[in-house]
Structure formats: structure tokens, C-alpha cells
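Atom set for the values below is all heavy atoms of this structure, side chains included, hydrogens, waters and symmetry mates excluded.
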Amino acid sequence: MIAKLKELLGIKPAPNYNELLQEGGMIIDVRTKAEFSNGHIKGSKNIPLQALPSNLNKLKKDKPIITCCASGMRSASAKSMLKSNGFSNVYNGGSWARLNSQIS
């Protein structure tokens, strides 16, 4: 019963970020360059949110994309932007610090 209710509400289990990265996934950090330079996930790519529309051609639509930022707000916007531009395998990783603690 609870599983059916979650399905109806669109509540899904948290993605396994390590698996997504093993599948060739990419972490896109949408914070400013200054924020990124003060700390980031090793191997992540910094594309500030305002620059994302002009950098879509640098991303692969057939690979998982995990967005992150300082709190999860900008990364949610980035996920929405990517989805509306034909990227289907996109995940909001939320805060970069939290996401960093979830990957190995």
C-alpha cells in the first residue's frame, strides 16, 4: 500500500550516485567560479547556472548528469533546465558537500 502511494506521488528511492558515475555519469557544479574554487567534488565540472544554456553542447544526453550547488536550489533549477532541453537522465545531487559524502 505504501509503495503504491509513493509511486502515485512520484516518490522514488534515492539514486545510487556511485553507480551513475560508473555508468559514465558527470557531476555538474552550477555554483559560481569563486564558490567552486573554494571547494568542490574531485572530477566535477563547473558550469555556473547562468552559463548552463550556452554550454549544453558540452554535455552528453546519453550519460547520467548529476547537478549540485551550495544548497540544492540552483541544482534543482539546472536539472529542470536540462530536462526541458532533452536530457532525460538527470539527477539533483543537492549540496555539493552532501553529495561528496555520498560518493566514493
Side-chain angles (χ1 to χ4, degrees):
M1 172 91 169
I2 291 177
K4 194 64 167 169
L5 182 60
K6 284 183 177 182
E7 182 182 330
L8 289 170
L9 295 173
I11 300 171
K12 299 176 184 175
N16 183 324
Y17 296 115
N18 286 309
E19 284 181 10
L20 294 172
L21 293 171
Q22 289 172 359
E23 294 170 12
M26 163 184 258
I27 298 172
I28 304 297
D29 189 323
V30 297
R31 296 176 298 151
T32 65
K33 291 189 184 302
E35 288 175 297
F36 186 80
S37 69
N38 285 327
H40 59 271
I41 298 171
K42 184 178 179 181
S44 63
K45 183 169 182 67
N46 180 225
I47 304 176
L49 183 60
Q50 67 274 12
L52 190 57
S54 61
N55 285 281
L56 295 176
N57 62 335
K58 295 180 180 176
L59 306 176
K60 296 180 180 179
K61 288 187 177 182
D62 63 334
K63 298 291 183 183
I65 296 176
I66 305 163
T67 60
C68 68
C69 64
S71 68
M73 296 298 289
R74 287 176 283 181
S75 57
S77 294
K79 176 186 174 183
S80 178
M81 185 184 305
L82 290 167
K83 289 271 198 182
S84 68
N85 280 281
F87 292 82
S88 58
N89 201 1
V90 184
Y91 304 86
N92 179 4
S95 153
W96 77 271
R98 185 182 62 79
L99 178 59
N100 194 36
S101 72
Q102 294 179 358
I103 58 176
S104 52

**Item:** Nearest non-hydrogen partners of Lys63 and Gly24, listed with the distance
**Value:**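 Heavy-atom minimum between the residues: CB-O, 3.8 Å.
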Any heavy-atom pair between the side chains of [Y] and [X] that's under 4.5 Å?
X	Y	value
Lys58	Met26	no
Ile66	Ile103	no
Tyr91	Tyr17	yes
Met81	Leu49	yes

Going from [atom1] on [X] to [atom2] on [Y], what distance comes out if it is rounded to the nearest 0.5 angstrom?
X	Y	atom1	atom2	value
Asn18	Gln102	CG	CD	9.0 Å
Asn57	Asn85	CG	CG	11.5 Å
Leu99	His40	CG	NE2	13.0 Å
Ser95	Arg74	OG	CZ	10.5 Å
Thr67	Trp96	OG1	CH2	15.5 Å

Under a 4.5 Å side-chain heavy-atom rule over Ile, Leu, Val, Met, Phe, Trp and Tyr, are [X] and [Y] clustered together?
X	Y	value
Leu21	Ile41	yes
Ile28	Val90	yes
Leu52	Met73	no
Phe36	Ile27	no
Ile47	Leu82	yes

**Prompt:** In this structure, are over 12 heavy atoms from other groups packed under 6.0 Å from Lys60 atom NZ?
**Reply:** no
Using only atom types and a distance under 3.5 Å, with no angle test, would you say the side chain of [X] pairs donor to acceptor with the backbone of [Y]?
X	Y	answer
Asn46	Asp29	yes
Ser75	Gly72	yes
Arg98	Gly93	yes
Lys83	Ser88	yes

